[in-house]
Trainee: 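Here you go, one structure.
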Amino acid sequence: MLRMSTLFLRTLRDDPADAEVPSHRLLVRAGYIRRIAAGIYSWLPLGVITLRNIENIVRQEMDRAGFQEVHFPALLPKDAYEETGRWNDYGPDLFRLQDRKGSDYLLGPTHEEMFTLMVKGEYSSYKDLPLALYQIQTKYRDEARPRSGIIRGREFVMKDSYSFDLTDEGLVESYQRHREAYIKTFDRLRMKYNIVSAMSGAMGGSASEEFLAPCETGEDTYVLCEKCGYAANVEAMTTVVAPADASKVAPLEVFDSPNTPTIDTLVELINAKFGGGYDGSMTLKNVMLMADEKPISVLVPGDREVDLKRLEANLAGVNDIRVFEDADFAKFPGLVKGYIGPQDAKKNGITVYADPRIARGTSWVTGANAKDKHARNVVNGRDFTVDSYVESAQIKKGDACPKCATPVIIDRAIEIGHIFQLGRKYADSLGLTVLDQNGKSQVVTMGSYGIGVSRAVAAIAEQSNDELGLSWPVEVAPAKVHIVATGKEDAVFETAEKLAADLEGAGVSVMLDDRRGTSPGVKFKDAELIGIPVIVVVGKALEQGNVEVRVRRTGEKSEVAVGQALKAVTELLPTLP
RNA sequence: CGGGGCGUAGCGUAGUGGCUAGCGCGCCUGCUUUGGGAGCAGGAGAUCGGGAGUUCGAAUCUCCCCGCCCCGACCA
């Protein structure tokens, strides 16, 4: 039982000055967490209990799915990370340190290497597979910009699991098992979420999905089709465009276009010149980029920007992309800034990438590669060629769903889980093999799955709060019932004590506000701020032999006889989220 | 890393060269009060982020450093 009279807790009346997003503001005000440094927080008793509740739900669902818990140190020698190349590839986000002998260590940002080696050390037969292991552990990443309280921290708690299979089909099955376990977990946490297609990114591998909890303060953007349910991270959103028939398009025509350095000025000019009917989407923008210091041109419709994130995610084998600078233009005199068209790309030795919207046979208005000159009726396949198609244009609200063509909506969310099929990358570089039925050595294929446990505290807080404070789901809350004793008569406190003891006896965790001499207003405000789902007030109504039962989330109140309170509360709890 | 903002008591803040750094919350003591962050009286609590400088005099001006927040870049 938690007692307000002794609980290590001080709630704050004012919002902390350094907190903006609701979860951060309220978790600090209600005394769950305190900031230690940027992206590094300590947990006070209420926070620890809440975090543990979430951890335990995650643990139970992992165990139920047949995954086995292990535990690694956070402090790791660099060896394994050297072997996979991540000691360097991970870059400045890796916390590195040395021991007294000068040996290199790191604080684990994720544990693929360690799990792979652990399995390698124990297992060597196909008969041992499939296998899935997990841990709940503190991770360290020296984020360039930690933000939003515990939504993106530099130290955070994560559940990470890894599956090990002999075959690709086995991996797909393991992936599905994890997917289902995640659905059960997040449902139990009472979170609103969408499962969206994602890019596997730097981790390599094929299929990947993210569990995104929609909320305004989220830092991920994703598209959602309300009709067919298609959901994808913007990076993974695909564009379906049918090739056009260009046989009737008039020949390419170069025209004078002075003072049209931007798409807007160009559209204005061509509408005046050719009798209207043009808009930005009919022009072709040539964005010059350096991909690993090789010049590339990316073609997108004039009314859209190049989305560098999407481009980078979809452009295989390129590490670094940057926009052209003046020095780069100087090296390519054939490129006339503001008047570039893809017609001469070959001649200039530039690789041309195009967004799928620039389909074969489509006709465009674009630069004519000469100062103050543009061209119209420039047809893909006739007047220029595209080396490769790559999703690169910015996604807009209302773009067509790739599955059913319905206009999609765009929403923001917090990433709370990520599952993906890793493949053999780590098993290969660390030599994790098993003998198959024929006694032949086979490289194991892996899946990797993560849940941001401490981030889930923030995500749930983001999704369940109001102007009064937090409002936790029953299974997550630091206690299920918050009993407020108001008044100065001993009878009130005695009744409250007894009810608290009875509830605890029935397996219902209780927070009891047993502070004497604290005014009722303070107790109510604190209870609402802390966000325990059921508030029982033992006070004025006691004269009639009643207590008041309130539902935090809805504000519903009802009076029940003291003798009925235990029953009323235990019956109420299962009906709440 | 680029842009913007900020750093004064546990929290929120006032104070643009001049007296002992002010106020609210919280905290302590006493009295009163007890259904919506009570009242009165008294009290404790601050090297004004750090260092150097300018000045008769610096929270206030200058320089350097540190830290925090927001936007962007980045982010398995």
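As the structure is a prediction and not an experimental result, all values here were calculated from the model. So you know, we letter chains A, B, ... as the sequences are listed, proteins then strands, and number each from 1.
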Trainee: Is the Lys NZ or Arg CZ of R177(A) less than 6.0 Å from the centre of Y182(A)'s six-membered ring, within 45° of the axis?
Mentor: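 That pair does not qualify as a cation-pi contact.
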Trainee: For A21(B) and A38(B), measure between their C1' atoms and round to the nearest Å.
Mentor: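 Rounded to whole Å, the distance is 30 Å.
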Trainee: Measure from CG on N233(A) to C1' on C75(B) and round the result to the nearest Å.
Mentor: 12 Å
Trainee: Suppose you measure atom C1' in A59(B) against the same atom in U16(B); what distance do you get, rounded to whole Å?
Mentor: 10 Å
Trainee: Under 3.5 Å, is there any donor-acceptor pair linking the side chain of R35(A) to the base of G10(B)?
Mentor: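 Answer is no: no donor-acceptor pair is held.
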Trainee: Is the Lys NZ or Arg CZ of R34(A) less than 6.0 Å from the centre of Y41(A)'s six-membered ring, within 45° of the axis?
Mentor: no
Trainee: Mind checking who G53(B) pairs with, Watson-Crick or G-U wobble, both distances under 3.5 Å?
Mentor: C61(B)
Trainee: Starting at atom NZ of K540(A), determine the distance to atom P of G36(B), rounded to an integer number of angstrom.
Mentor: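 The answer, rounded to whole Å, is 7 Å.
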Trainee: Can you figure out which of G24(B), A38(B), G36(B) approaches the side chain of D14(A) most closely?
Mentor: G24(B)
Trainee: Which value, in whole Å, describes the distance between the P atoms of nucleotides G53(B) and G57(B)?
Mentor: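 Those two atoms are separated by 12 Å.
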Trainee: Quick one: are the ring centres of H111(A) and Y162(A) less than 6.0 Å apart?
Mentor: no
Trainee: Of the options C74(B), G36(B), G35(B), whose atoms approach the side-chain atoms of K525(A) most closely?
Mentor: G36(B)
Trainee: Is C31(B) paired to anything, Watson-Crick or G-U wobble with both distances less than 3.5 Å, and if yes, which nucleotide?
Mentor: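 Pairing partner: G39(B).
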Trainee: Choosing from A38(B), G35(B), C70(B), which nucleotide comes nearest the side chain of E20(A)?
Mentor: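 Nearest nucleotide to the side chain: C70(B).
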Trainee: Look at all strands and tell whether D15(A) reaches a base, only sugar-phosphate, or nothing, counting heavy atoms closer than 4.0 Å.
Mentor: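 Sugar-phosphate contact only - D15(A) comes under 4.0 Å of backbone atoms but never of a base.
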Trainee: How long is the line joining CZ of R147(A) and P of C74(B), in whole Å?
Mentor: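 Rounding to the nearest Å, CZ of R147(A) and P of C74(B) are 11 Å apart.
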Trainee: Work out how far the C1' atom of G18(B) is from that of U13(B), and round it to whole angstrom.
Mentor: 23 Å
Trainee: Taking the nucleotide of RNA chain B with the nearest heavy atom to each, does L308(A) or H24(A) sit closer to the 5' end?
Mentor: H24(A)
Trainee: What is the nucleic acid contact for R25(A), judged by heavy atoms within less than 4.0 Å: base, sugar-phosphate only, or nothing?
Mentor: nothing
Trainee: Are Y426(A) and F115(A) an aromatic pair by the rule of ring centers under 6.0 Å?
Mentor: no
Trainee: Does A73(B) have a Watson-Crick or wobble partner in any strand here, with both distances under 3.5 angstrom, and which is it?
Mentor: none
Trainee: Determine the Euclidean distance between corresponding C1' atoms of C19(B) and C65(B); express it in Å to zero decimal places.
Mentor: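 After rounding to an integer number of Å, I get 33 Å for this pair.
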Trainee: Is S148(A) touching bases, backbone alone, or none of the nucleic acid, heavy atoms closer than 4.0 Å?
Mentor: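 Sugar-phosphate contact only.
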Trainee: Across the strands shown, which category fits A37(A) at heavy-atom distances under 4.0 angstrom: base, sugar-phosphate, nothing?
Mentor: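 Sugar-phosphate, backbone atoms only, no base.
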Trainee: Check every strand shown and say whether E219(A) touches a base, only sugar-phosphate, or nothing at a heavy-atom separation below 4.0 Å.
Mentor: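 Touches nothing.
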Trainee: Can you tell me how far C1' of C68(B) sits from CZ of R152(A), to the nearest Å?
Mentor: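 For the pair R152(A) CZ and C68(B) C1', the rounded distance is 18 Å.
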Trainee: Both distances under 3.5 Å, Watson-Crick or G-U wobble: report the partner of C19(B), or none.
Mentor: none
Trainee: Which heavy atom of R29(A) sits nearest a heavy atom of L529(A), and at what distance?
Mentor: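 It is O-CD2, 3.7 Å.
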Trainee: Report which part of the nucleic acid F493(A) touches: base, sugar-phosphate, or nothing (heavy-atom distance under 4.0 Å, all strands).
Mentor: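 The answer is nothing, as F493(A) stays clear of every strand by at least 4.0 Å.
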Trainee: With Y32(A) as reference, evaluate W472(A), F8(A), W43(A) under the ring pair (Phe, Tyr, Trp, His ring centres under 6.0 Å) test and give the passing residue.
Mentor: W472(A)
Trainee: Report the distance from atom CG of D93(A) to atom P of C1(B), rounded to the nearest whole Å.
Mentor: 13 Å
Trainee: Using purine N1 to pyrimidine N3 plus N6-O4 or O6-N4 for Watson-Crick, or N1-O2 and O6-N3 for G-U wobble, both under 3.5 Å, which nucleotide pairs with G7(B)?
Mentor: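 When the pairing criteria are applied, C66(B) turns out to be the nucleotide that pairs with G7(B).
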Trainee: Which value, in whole Å, describes the distance between the C1' atoms of nucleotides C70(B) and U60(B)?
Mentor: 26 Å
Trainee: Classify the nucleic acid contact of E415(A) as base, sugar-phosphate or nothing, counting any heavy atom under 4.0 Å across all strands shown.
Mentor: nothing
Trainee: Give the rounded distance in Å between these two atoms: CG of L529(A) and P of C25(B).
Mentor: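 My rounded result for the distance is 18 Å.
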Trainee: Using heavy atoms to find the nearest nucleotide of RNA chain B for A38(A) and G487(A) separately, return the residue whose nucleotide is more 5′.
Mentor: G487(A)
Trainee: Using atom C1' in both nucleotides, what's the gap between G22(B) and A9(B) to the nearest angstrom?
Mentor: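 Each nucleotide's C1' atom is 13 Å from the other's.
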Trainee: Rounded to whole angstrom units, what separation is found between the CZ atom of R34(A) and the P atom of G10(B)?
Mentor: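 Interatomic distance, CZ of R34(A) to P of G10(B): 13 Å.
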Trainee: Quick one: do F186(A) and Y193(A) satisfy ring pair (Phe, Tyr, Trp, His ring centres under 6.0 Å)? Show the steps, please.
Mentor: CA-CA 8 Å; F186(A) 291 123; Y193(A) 63 94; 5.7 Å; yes
Trainee: Give a yes/no on whether any side-chain N or O of K488(A) is located under 4.0 angstrom from OP1 or OP2 of U34(B).
Mentor: yes
Trainee: Taking any heavy-atom pair under 4.0 Å as a contact, classify V537(A): base, sugar-phosphate, or nothing.
Mentor: base
Trainee: Looking at C71(B), I'd like to know if its phosphate oxygens (OP1 or OP2) sit under 4.0 Å from a side-chain N or O belonging to R145(A).
Mentor: yes
Trainee: Suppose you measure atom P in G50(B) against the same atom in C66(B); what distance do you get, rounded to whole Å?
Mentor: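 Taking atom P in both G50(B) and C66(B), they lie 15 Å apart.
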Trainee: What's the NZ-P distance between K309(A) and C75(B), to the nearest Å?
Mentor: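 Distance check: K309(A) NZ to C75(B) P gives 8 Å.
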Trainee: Using the side-chain heavy atoms of A144(A), tell me which of these nucleotides is nearest: G12(B), U34(B), A73(B).
Mentor: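 Ranking G12(B), U34(B), A73(B) by closest atom to the A144(A) side chain puts A73(B) first.
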Trainee: Check every strand shown and say whether R10(A) touches a base, only sugar-phosphate, or nothing at a heavy-atom separation below 4.0 Å.
Mentor: sugar-phosphate
Trainee: Measure from the side-chain heavy atoms of L12(A) and tell me the nearest of C68(B), G12(B), C11(B).
Mentor: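 The answer is C11(B), which lies nearest to the side chain.
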Trainee: What class does the angle between the rings of Y449(A) and H178(A) fall in, given that below 30° is parallel, 30 to 60° is tilted and above 60° is perpendicular?
Mentor: parallel
Trainee: Now, which nucleotide makes the Watson-Crick or G-U wobble pair with U47(B), with each of the two distances under 3.5 Å?
Mentor: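 Paired with U47(B), as far as the under-3.5 Å criterion goes, is no nucleotide at all.
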Trainee: Side chain of R550(A) only, please: which of C74(B), G35(B), A38(B) is the nearest?
Mentor: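 The listed nucleotide nearest to R550(A)'s side chain is G35(B).
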Trainee: Stepwise, does the side-chain contact (heavy atoms from CB on, under 4.5 Å) test hold for H24(A) with V28(A)?
Mentor: CA-CA 6 Å; H24(A) 187 197; V28(A) 172; 3.7 Å; yes
